[in-house]
Amino acid sequence: MDIRFGYVAIALNLSNSSTSKTITLKNLAKIGGTEPKFTKLRRITSENLENTLRIIRYNMEEQIHLYRLTSKLIPFATYPLEFEWNYIDIFKKEFEMIGNLIKTAKIRVSAHPDHYTVINSPNEKVFSDSVKDLEYHDHIFNAMGLEEQYKLVTHLGGFYGDREQSIARFKKNFSRLPHGVKSRIVLENDDKIYTAEEVLEVCQELKVPMVLDLHHHTCNPKGDLEELIPKIWDTWTDFRPKIHVSSPKDQKSCRHHADYIEASSLTNFLSLTKKLNRDFDVMIEAKMKDKAMFKLIKDLSEYDDITTIDQSTIKI
DNA sequence: TCGTGTCAAGATCTT
DNA sequence: AAGATCTTGACACGA
């Protein structure tokens, strides 16, 4: 079976490939006049999109089949500014180019809205802002021509003093999401509150796929992985399952991401998935991005029963 | 060129 | 009720 690997946001093998350039509101305010502000935002956005294109090309050349777009592609995408900021129309051609390349290269692209997006918040304003943010992601995917199999990964949200109620509120609020957004959402277990077991149950009920984060499961464990994996795999009815992998920075702080990934944090998991004989994908969350991915594959290929198919794919 | 403080957005813990 | 902390990468500013 094949296991493909990918990385998040920027390629460190490319120089200056940031796709998350931005400006703070205060510094934007320092620029006098509407037109210069508008120009500044257009220039930043243009650079982010240009670098995204560079990275997609790089992924194509390096045979990398998995990539996560940054959520910071468009500065102030959902913030009310003093002028109209219609980035979808302005960069229509650029979005199309990126989307076409993603499809030509057959790259599995996703995005992961930031932590301000909290679907289960009891605060209606936070919920409606979350909807706006999710719609922003949906709209840029649409502008790229990426259909609903291109997913948005998110968490259940906050605890708010009552686990049961907060999960119930997630389900209720999920049903209130616009259709386009809802059909893209996949859910991930987090490192503090909602365990893989709990997220799985929600995924089964709502019929949405589940991304298992191995590192979060280590920080916030519940249930037996061997029993959970087949059920998690079953939530992916149309596509190959996906997991997230990272390594803790040090023993003290389990939750911080390290520069690279320890191969050993994955080998046990690989052996558990083997009998299911189903291809899946692994998103690397490490500071060293694509470099960490290549190093992990090299380290894994040292193991007896692991071979490489291409630069970012292994066979077990 | 490098180090430090700041930033649109939330949640949670501490006071 | 208000403030500190979490977490994050990038920018602005000053040394």
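Letters A, B, ... mirror the listed sequences (proteins, then strands); counts begin at 1.
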Is the distance from OP1 or OP2 of [N] to the nearest side-chain N or O of [X] less than 4.0 Å?
X: A:Ser18; N: C:dA10; answer: yes
X: A:Lys72; N: C:dA10; answer: no
X: A:Ser121; N: B:dA11; answer: yes
X: A:Lys26; N: B:dC7; answer: yes
X: A:Tyr79; N: B:dA9; answer: no

Criterion side chain to side chain donor-acceptor pair (under 3.5 Å) against A:Ser110, the qualifying member of A:Arg68, A:Lys242, A:Lys151: A:Lys242
The single option from A:Glu62, A:Gln63, A:Glu61 passing side chain to side chain donor-acceptor pair (under 3.5 Å) against A:Gln311: A:Glu62
Backbone N/O of A:Ile167 and side chain of A:Lys172: donor-acceptor pair under 3.5 Å: no
Heavy-atom donor-acceptor pair, A:Ser130 side chain to A:Val118 backbone, under 3.5 Å: yes
Between [atom2] on [N] and [atom1] on [X], what's the gap in Å once rounded to a whole number?
X: A:Asn51; N: C:dA10; atom1: CG; atom2: C1'; result: 13 Å
X: A:Leu28; N: C:dA10; atom1: CG; atom2: P; result: 19 Å
X: A:Asp114; N: B:dG10; atom1: CG; atom2: P; result: 12 Å
X: A:Phe76; N: C:dC11; atom1: CZ; atom2: P; result: 12 Å
X: A:Glu47; N: C:dC11; atom1: CD; atom2: C1'; result: 12 Å
X: A:Tyr116; N: B:dA11; atom1: OH; atom2: C1'; result: 12 Å
X: A:Asp191; N: C:dT8; atom1: CG; atom2: C1'; result: 14 Å
X: A:Asn16; N: C:dG9; atom1: CG; atom2: P; result: 16 Å

A:Thr78 side chain, from C-beta outward: closest of C:dG9, B:dT12, B:dA9: B:dA9
Proximal nucleotide (of B:dA11, C:dC11, C:dG9) relative to the A:Val118 side chain: B:dA11
Taking NZ, NE, NH1 and NH2 as the nitrogens, is one of them in [X] or [Y] under 4.0 Å from a carboxylate oxygen of the other?
X: A:Glu96; Y: A:Lys92; result: yes
X: A:Lys103; Y: A:Glu147; result: yes
X: A:Glu124; Y: A:Arg176; result: yes

DNA chain B-proximal residues of residues 124-142 of chain A, any heavy atom under 4.0 Å: A:Val126
Pick out the pairs of N or O atoms, protein on one side and nucleotides 12-15 of chain C on the other, that lie under 3.5 Å.
from: C:dC13; atom 1: OP1; to: A:Lys30; atom 2: NZ; distance (Å): 3.2

Aromatic A:Phe159 / basic A:Arg163 pairing, under 6.0 angstrom, 45° off normal: no
Row check, A:Phe141 ring normal vs A:Arg184 NZ/CZ: under 6.0 Å, within 45°: no
Interatomic spacing from CD1 in A:Ile314 to CD1 in A:Ile3 - rounded to 0.5 Å: 4.5 Å
C:dT5: pairing nucleotide in any strand, Watson-Crick or G-U under 3.5 angstrom: B:dA11
B:dT6 pairs with, by Watson-Crick or G-U criteria that keep both distances under 3.5 Å: C:dA10
Contact nearer the 5' end of DNA chain C, comparing A:Ser20 with A:His115: A:His115
Sub-4.5 Å side-chain heavy-atom contact between A:Leu270 and A:Ile306: yes
Whole-angstrom distance between C:dT8 and B:dC2, as gauged at atom P: 24 Å
Between B:dT14 and C:dT7 - P atom distance, rounded Å: 15 Å
Touch class at under 4.0 angstrom, heavy-atom based, for A:Ala29 against every strand present: nothing
